[in-house]
Protein chains: 2
Amino acid sequence: MTGTSNTPAPVKVTIDAWESLFRAQVAVMRKVSAKPEFHKLSMREYDVLFNLRICPGGRSRLVDLNRYLLISQPSLSRMVTRLEDKGLITREADPTDQRAMQLSLTPKGLAVQQEIGREHVKHIYEQIGTALSEDEFIQLQQLTSKLRSAIQ
Amino acid sequence: MTGTSNTPAPVKVTIDAWESLFRAQVAVMRKVSAKPEFHKLSMREYDVLFNLRICPGGRSRLVDLNRYLLISQPSLSRMVTRLEDKGLITREADPTDQRAMQLSLTPKGLAVQQEIGREHVKHIYEQIGTALSEDEFIQLQQLTSKLRSAIQ
DNA sequence: TGTTGTTACATGCATACGCATATAAATTGG
DNA sequence: CCAATTTATATGCGTATGCATGTAACAACA
């Protein structure tokens, strides 16, 4: 049982862990961003398709989707226009809120996400699959999940 | 002793850990990127100052610095011009290689990095300081260090 | 030593980005 | 039920970005 911390961890230990996590992420992404699956779609665009796919019901409002992304709301708005023009997602009015747009993947968008996703998974696995043992990956998953769920 | 894995971890366990790490990073960065310390300098620009500060000797060639960043070489080249114009870094010819530019922080650049860094550390700590126990942060640091060192 | 290839950095160009703001719909408070 | 506020998305505008390519210096090798 990984008990919730009662006394907060010291600043140094916390920041060292954060910087290490951040640098690991950069190192992996640097490698993977050069792979051919990101020639048709940028990583940011793929991330939008990915998040749309895993969101409950496969639909999301623009603002809700934006919460899982680092780009600004206006940038996402225009990216959605581009992805719509490419036939990958649809943008339809939300019946319960006339301001909102419900975004969802088209069949083509789902296919593209899955195709890129397969390649991406392959390349991530090539990069880090032997870096840690199975138990260590499970630990890493648990620690980062716990970290994430503590945000806000 | 955290033994180096002899048999690679299964794909699912590896990818689950990676996605969890990635999402945790996004969640933290989303919160922190809105903080006022990034009004004077963007996060990407701060990251350049940070990496210049911690690199051995406080000097680095542009290409070497670029290895620790997600932006492209041309983008870094222009960002360096802007940071030079702001008086934060210097760009001088490498005596051992006429093609290369040695980058280093000016005293002002160091001061700006440290000032932003202090605020940044404070806000990261506010976001995640109580998310994990001290032991868990140490584990997280060790796992992500190991992950990073395995890239390549 | 000259040719061929590679490496380091810079630049032209089209595009994506963020910030500020506009618009329009929902919510809140009197 | 109307005015003020908040929320959801879009757009104008200046700037940063990536890709392709240019230039110049180094390296390798005949």
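From a predicted model like this one, the values you see are computed outputs, not experimental measurements. Atom set for the values below is all heavy atoms of this structure, side chains included, hydrogens, waters and symmetry mates excluded. Every chain is numbered from 1, with letters handed out A, B, ... down the list of sequences.
An end-to-end axis angle of 30° holds for the helix from dT1(C)-dA30(D) to dG30(C)-dC1(D), taken from five base pairs per end and rounded to 10°.
For DNA chain D, the neighbouring residues in residues 57-64 of chain A, judged by any heavy atom under 4.0 Å, are Arg61(A), Leu62(A), Val63(A). Residues from residues 35-53 of chain B placing a heavy atom under 4.0 Å of any atom in DNA chain D, listed by number, are Arg44(B). Within residues 78-90 of chain A, the residues having any heavy atom under 4.0 Å from DNA chain D are, by residue number, Arg78(A).
Arg44(B) meets the salt bridge (charged side-chain N to carboxylate O under 4.0 Å, His left out) test with no other residue; sequence neighbours excluded. Looking at residues two or more places apart in sequence or on another chain, you find a ring-ring contact (aromatic ring centres under 6.0 Å, His included) between His120(A) and Phe38(A), Tyr46(A). Shown here are the side chain to side chain contact (heavy atoms under 4.5 Å, CB included) partners of Arg148(B), two or more places apart in sequence or in another chain: Arg23(A), Ala24(A), Ala27(A), Tyr68(B). When the salt bridge (charged side-chain N to carboxylate O under 4.0 Å, His left out) test is applied to Arg53(B), no partner is found at least two apart in sequence or on another chain. Residues meeting the side chain to side chain contact (heavy atoms under 4.5 Å, CB included) test with Pro74(B), sequence neighbours left out: Ser72(B). Contacts of Arg78(A) classified as salt bridge (charged side-chain N to carboxylate O under 4.0 Å, His left out), with partners at least two apart in sequence or in another chain: none.
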Pairwise N/O distances under 3.5 Å, protein to nucleotides 23-26 of chain D:
residue : atom : partner  : partner atom : Å
dC26(D) : OP1  : Gln98(B) : N            : 2.7

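The side chain of Ser75(B) places an N or O atom within less than 4.0 Å of a non-bridging phosphate oxygen (OP1 or OP2) of dG18(D).
Protein chain A contacts DNA chain C from dA16(C) to dA26(C), reading 5' to 3' and using non-hydrogen atoms of the protein with a distance under 4.0 Å.
Atom pair Leu70(B):CG and dA16(D):C1' shows a separation of 15 Å (rounding to whole Å applied). As rounded to whole Å, 16 Å separates atom C1' of dT9(D) from atom CD of Glu92(A).
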